[in-house]
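Scroll down for the structure; my scribbles are underneath it.
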Amino acid sequence: MSRRHRWDTDCVMAASTSPPLDLSAALVLAPPTAAEWLVILPVVWCLILGALLVMMRRNVSLHPVIAIVGLAGLVGIDGLLLLEVIRNGPLTMVMGRWLPPFGIAFTADLTGALFALIAALVALAAGVFSIADINDSGRRYGFYPLLMVLMAGVTGAFMTGDVFNLYVWFEVLLISSFGLLVLGSEHEQIDGTVKYGFLNLVATTLFLVATGYLYAVFGTLNMADIARKAEGLRSNAPLMTLAGLYTLAFGMKAAAFPVNFWLPASYHTPRVVVSALFAGLLTKVGIYALIRVMVMLLPVEREELSFVLAIAASLTMIVGVLGALAQSDFRRLLGFLIISGIGSILAGIAVGGPGGIGGAIFYALHSMLVMTALYFASGIAMRLGASASIVTLAGLYRRHVGFAALSLMLCFAVSGLPPFSGFWPKVMLVKAALDIGAWWLAAVLLLAGFLTTIATGRLFLLAYWREQAVAVGETPPLPAATLAPLAALTLLTLVLGLYPEPLLATIQDAAAGLDDPSAYRESVFPGGWPQ
Amino acid sequence: MTELAILWSILLAQVMLALAMAFALYRIVKGPHAQDRVLGLDALYINAMLMLVAFGVRTANTVYFETALIIALLGFVSSIAFAKFLMRGEIIE
Amino acid sequence: MKFLAINLILTVIWGTISASFTPANLLLGFAVGALSLWLIRRELKPVTYPIRPLRLVLLLALFIKELAVSATKVAILVTRKKMALKPGIFAYPLTARSDFEITLLANLITLTPGTLSVDVSGDRKTLYVHALDCADPGALRQDIARGFERRIREAFER
Amino acid sequence: MLLIFLLAPFGGSLLVLFFPSDQRGATAWFAGAIAFVCFLLAAGIYPFVTAGGVLRFELDWIPELGLNLTLRMDGFAWLFATLITAIGVLVVLYARYYMAAEDPIPRFFALFLAFMGSMLGVVLSGNLILLAVFWELTSIVSFLLIGYWHHNAHARDGARIALTMTGMGGLSMLIGLLLIGRVVGSYELDAVLASGDAIRNDPLYLPILILILFGALTKSAQFPFHFWLPHAMAAPTPVSAYLHSATMVKAGVFLLARLWPVMAGTEAWFWIVGLAGLSTLLLGAYFAIFQQDLKGLLAYSTISHLGLITVLLSLGSPLAAVAAVFHIVNHATFKASLFMAAGIIDHETGTRDMRRLSGLFRYMPITATLAMVASAAMAGVPLLNGFLSKEMFFAEAIETHLVNSLDTITPYVATIAGMFAVTYSLRFIHSVFFGAPPADLPKRPHEPPRWMRAPIEFLVLACLIVGIIPGRTIGPFLHTAVVSILGDRTPDYSLAVWHGWNVPLIMSFVALSGGVGLYFLMRSYLATGIEGPPVFRLLQGQRIFERVLVTLSWKWARSLEQRFGTRRLQPQMLLLVFLAVSAAAVPLFRRGFELPPLVIRGIDPAFALLWALGIACAVGAAYQAKFHRLFALVLLGGAGLITCITFVWLSAPDLAVTQLLVEIVTTVLILLGLRWLPKRIEESRPEDIPLRVRFRRLRDFLLALAAGGGMSLIAYRVMTQPTPETIASYFVERAYSEGGGANVVNVILVDFRGFDTLGEVAVLSIVALTVFALLLRFRPHPDSQDIPLQQRVQNAFDDDHPDRNAGDSIAEYLHIPSTIMRWMFPVTGMLAAYLFLRGHDLPGGGFAAGIAMSIGFLLQYMAGGTRWVEERLRIHPLRWMSIGLLVAAATGIGSWVFGYPFLTSHSQYATLPIVGKVPLASAILFDLGVFSLVLGATVLMLIALAHQSVRAPRAHARPARTEREAAQ
Amino acid sequence: MSHLTDLPAWAAIAVCGLLLMGAAMTLIGSIGLLRLPTFYDRLHAPTITTSGGTILVCFASMLCFAVLQSRWIFHEVLIIVFITVTTPVTLMLLGQASLYRHRFEKPQDVPLKQGPHAEKDRE
């Protein structure tokens, strides 16, 4: 009961009684290098900026400036991190000095760094776009703080090396996405948010349940540790259940068939820039998590599930693209295109192997860029044509040729036609599918691409080339803030399409790193396993 | 022998408290008015606190104290909120 | 520092909460008390009473006694097979003036089982009390007037 | 060097985009110059490729995919390259005059050059994937070129159909090529060409063949994929002349010829290619006769000629291949010139409808002559190049290659097709240039400008020269091309005009005379001017295509969405939960799931009773949630309380404290919200609930049971199975010694897993922010907009009694309580401080402290009301929140200074006067951040909700008052 | 149960007695809550609990720990104080709330008082 005395004497006693056991086993002794700080910096950076923005709620005029500068900084940091990782392997920052698996490990490997960088780029583009899209009231509602924290969540999810911590970041980005989704609180927005919210919350709960089970089975939450222990436990522990739960939870996040309905139900409601952000980030986080868990932690289970995954993937592709064909609302159409893209990525995961995973990663990155850009395009189209439905929308080509050209490129890119970034991952995926002899999967992949071409072609013909029936009014001027990010992203997809070599090489290394996470483990546990 | 007696008596006390809580709960469920339910909740809180104290005696452990204290100090807040809700239809005007 | 008395009381409470009365801790408690008082300084009217410890003790004793008596009474009443109840509300003319006294009185009345103060009239003159056994309101009024109210006045009237 | 072939056109197309749109001449000249440069380049290269020489250029592009930028020019590629560039030059020249002033010229030429580049890419690429890339590029660019006049609906349709067909073909071809690469082990063309046998004997041969043929046949508009070509005629004539006669449609046959050495010569090849070719040859010619549109006629004749080439390639004999190559060239020349002629006619008369055109000879004699020569070549009249290749075709047709029915009918089909060809050529000339002078033409026809005619003159000249002295002109080039395809299998052949009297010659004469006869037989019918051929009019490929497309995209997609794409929440929820249960259960039971036996020992009756109560509360709450919110909320409070006791019982007091505080705050917040919800819903009596609803409820109930059961099963499994060496034990033993605290949970929260905490508090702040933002634009439900009933009654009561002024009721009501509630504030503050300071040693910590403090504020608000409090209290929750977040994050970064990792807590002890030693674990700083953040967030939500009550009555005061008047 | 054996017999018995009595009081209070016919009568029931039950049980605890010497015994005092301060507030508020509600709804079991000011004239 000695502890029951005053708290201060108590602690003094605690201090005076020098720690009985030797800490060096459990503590990081060497101070972390600046490079390792790069791992944690993006998240903290976003959080701090978010806090600052909240604090200066009064003068909203400064918000965009700070946010954009901050996002640019984020891009810079992530870029440095990526370079660092490329140069000398995965980096690990251990939280609070406690060595993993006791402390939380933040580990950036190629996959995480790549995703983070592209996400940051997307966010930066969105930040610029938002100048024109988010009015003062939107800023007062706290668009920019939400954006920042969303980025914190996304980046954290990409970087963390700890399953529960992953859950935490999922929550962060989920909640901030609510905030962004209801921005402006129109009726249908709230309606969409309710659906989005409920289903995603259930998914997150599922994730939590699975994680609890995981902890009970493995006795650790550290990914590298789990990856190590998986071999030993595979015999008796029901890891398949874990795999199933995780697949469902993350599949839900990624809007894979048959749990994809929340996406088209909600993505067309919020501000354009918000849906663009979501298109770029949210589903892809789910994909990332799926890759991380199923490929790196539970590879054998992925093998066993691969057929189910493949089925789900094909259905997702088909449902998505058919949905896109059926839509007349520009943004709903795009929503379905996201889904079919997700299907392709899932196909990659199902196929597995460096080819499949690499293709999946590449496709994910490509889709992040292109879908965001397409949502920008939808926003601009709505500005120009004053309508969201491609039935009434027309004559965009005549109104703004440059914009039309950019949109066309994006249409081709999303359909996976050369020379845009969509072509290569498709080739990789088809190749991988053929290599394991999954003809039908390859066929579905290409069929989906083909149908996407039809859908986007229809979109372009109706909304852009078709002349306006009624007399064309004065075309509203396009603020550069809307066109610039669109152009930038489009250019990026074009460049990635023309010269994908460096990215491709990196991605294949990343896939290899997931396939054999020894380097990852090495960076988490430099001196072998702790006793 | 005393020890056994003590144990039993404490256990008995706890059971009684639990029963008390059960009655309170019954009142909550039964109603008939909203205020009855709230009253029941309030009683439930107090009984719970006593239960904690008894628990403390049983285990000679003081971890219960924070909780008991907070119930004693703030347990009435929700009851008040309910009461005011019944009274005014909203609790902060 | 017009809240000194209260602050001291808070300090004592602090000592009690953190179960230690070392000067350091008390100082800390005082600081905390001061802080939390300062936060709501604009809400409170300073109250200053001449403290009469002895009277307080008497009041406390009375309270305990009343408690014991009425508690048993009501307990028996409740546990009876058939409860002979004549509940009702009677108005009690207040002589105590200040908010604090009224509050205290009301609380004490409420705390003693069998009686329950439900309301105060707008002009702080009447206190409405609900009694389980309201056969004879006059007697009840007498009790209160003789008992609590007197003690309270003794303790706090200046 | 070969790279220039690609760089020049693409670069040029980029440059052209920047030309001002009024500079038609300059633009055209620039484009023409580029084309011409390429042409000269090709000419210059010729010496290298003679005699099977191959020019290579390699550049690592994407080694990961086995894709190098390999350019490879052999004779065949050279021939094509020359064709492309030469005709390119001519078409540019032609287009310069053809395009109207209002058309955006730079875009046209940009696309034109881009197409030229990608076409060159197709022929030059020495790597299969590269080939596929350029292939798709041609499809894309042709899409844009066809849709160049996008304001015209036909153009849009044509563009879409073309893109769809060729795109589909390209995709399937891609698979085929990938498969080839898989068989061969390399995508390099050389390697592929080298391993013909390997491919032909591979089990994958058939799929490969089908896939690639699909690509090739769609591209060169072979039956039954031909229909996109006539629709593509909506394009500007130069485009038709270039893409749809000379180059792009040839890409398909080019591919066939390219892969001829590796794929051809098998039964399957013969059947598929031959069948497609023959049917195309015949039907194309047949359809061509009945077109009313000049370009339509030419389009169908193109189709049939492509069919001819295909047939030649199908035969699989070297000579046939020679003929094919030869005909490719010839067809390009005369068909391009014919298209241009048609374009001129269109340009000068304003119509292309043969029913309106006639007797143009007297207006444009020169053009007419040129057209006549060209169409004579098309018809295969001697002394023209068309005649030569057709002769060779007939010769090959007679030859027996494989003994089967198809081979036997070939010559007859060939002759008939030739006859048709003569017919439609004749019709073209006769109906346009002869007969009565035209009536009601949009324009007055006359000769086109000099240079517009020049390309035609040149091409027609080529036809003549090649037709008369083939051996000396085209011979050597043809030879190089053929050699590059056939290698040592090259046969010896003679390009002489005169082979003496032989069967082919007879066939030709039959065709010629028969054609002429046929034309004069059919004149009457044709004069009626019915669009489309008699028999097949109804069967139109594109109609079928459209129907398929519509069914797919519209009907199926729609129905699919209606079936699955429910936009309602419940079914999705149902589905999700169901999936979750199955996802967990199925593998569990497939793997055999044995439950460890349940052992029951030492149940504490009191505890058991408590739990029974808790369960009752929870169930009751769930049951009442829909019908009686307040009740449900009360029960919820009960359940929370039991949980809290349980925590204490299982000696987790820290959790208990937090749980309790959260419980209280939640209750109050929900009550705040409850005021805005519509009044309670009465449960409909059980007997009048429809059966369907009952069923649905039952189903949902069962599902819920399953889910809950599954959860408890997992929990049971988890708790009963032997725990692996976990890190939990580690936490416990380290908590005091290193965490610098005795409260495990708190130490874990702020120290071991402080990072999670950081994330979670960020979540909290975001929630608060969101609630705040949401409520800024809150529009309450109509029946809750008004101030609550009770208040109205009480206000009314006050108003009735003269001795009372408004708001007395509330004043009296709160008189005694508010005194106490206010005095509670400092006490609460102390409690909070206590919890906070002890936090790192005993239950509590920043989180609990923050909540406790916010409860203090809550009390103030309840006692005094919003306005009253905010007059007296300084409350800046947003600021507190952000500061909290900042402090917490900064603490983490702070450890950088000390050279520790993120969020390291260093327990130093500062000695303050009197107070003595105080531990300043930076974890306490972190805690401070958490405290401030939690406080801020909670108060923010509270205020956001409370302000609604302040705003709403103000907004709806008037109706309320009038109602009150009415009440009195 | 080491600590309980540490208790001297008298203390043990005292503790048990107090505890049992307190619990009994509480139980009785709840029974009252259960049995009393009208809401206003029920309002009285918890006071038994708070006054009787709380004080007794807390005394028990104080005694126990005081004898055990394990710590200061002010906590229970604090608890008692807080309970005594806060309970009446709840009860009063509830009482008035129901008064107003009854005045509004006018069900059968309204006590003889119709609103807080009916008595003025009765005085």
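Chain naming here is simple, since letters A, B, ... match the order of the sequence lines and numbering starts at 1 in each.
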From the list E/Thr49, E/Thr90, E/Ile83, E/Thr84, the residue making the most non-hydrogen contacts under 4.5 Å with chain B is E/Thr90

Keeping to residues at least two apart or across chains, list the side chain to side chain donor-acceptor pair (under 3.5 Å) pairs with something in residues 7-22 of chain E. none

Is it the side chain or the backbone of B/Met49 that comes within 4.5 Å of chain E heavy atoms, both, or neither? side chain

Does E/Val57 offer a backbone N or O that forms a donor-acceptor pair with the side chain of E/Ser61 under 3.5 Å? no

Cut-off 4.5 Å, heavy atoms of chain B, and the answer for E/Ile80 is neither

Between B/Arg27 and B/Leu39, is there a donor-acceptor pair closer than 3.5 Å when you use the side chain of the first and the backbone of the second? no

Atom of B/Phe23, atom of E/Ile31 and distance for their closest heavy-atom approach: CE1-CG1, 3.7 Å

Side chain / backbone / both / neither for E/Ile28 at chain B, heavy atoms under 4.5 Å: neither

Do the side chain of B/Asn47 and the main chain of B/Leu44 share a donor and acceptor less than 3.5 angstrom apart? no

For E/Phe82, all residues meeting ring pair (Phe, Tyr, Trp, His ring centres under 6.0 Å), sequence neighbours excluded: none

Of the backbone (N, CA, C, O) and the side chain (C-beta and beyond), which part of B/Asp42 lies under 4.5 Å from a heavy atom of chain E, both, or neither? side chain

For the interface with chain E, which of B/Ser79, B/Gly75, B/Ser9, B/Ala68 has the highest count of heavy-atom pairs at distances below 4.5 Å? B/Ser9

Chain B contact via E/Val15 - which portion, at a heavy-atom distance below 4.5 Å: side chain

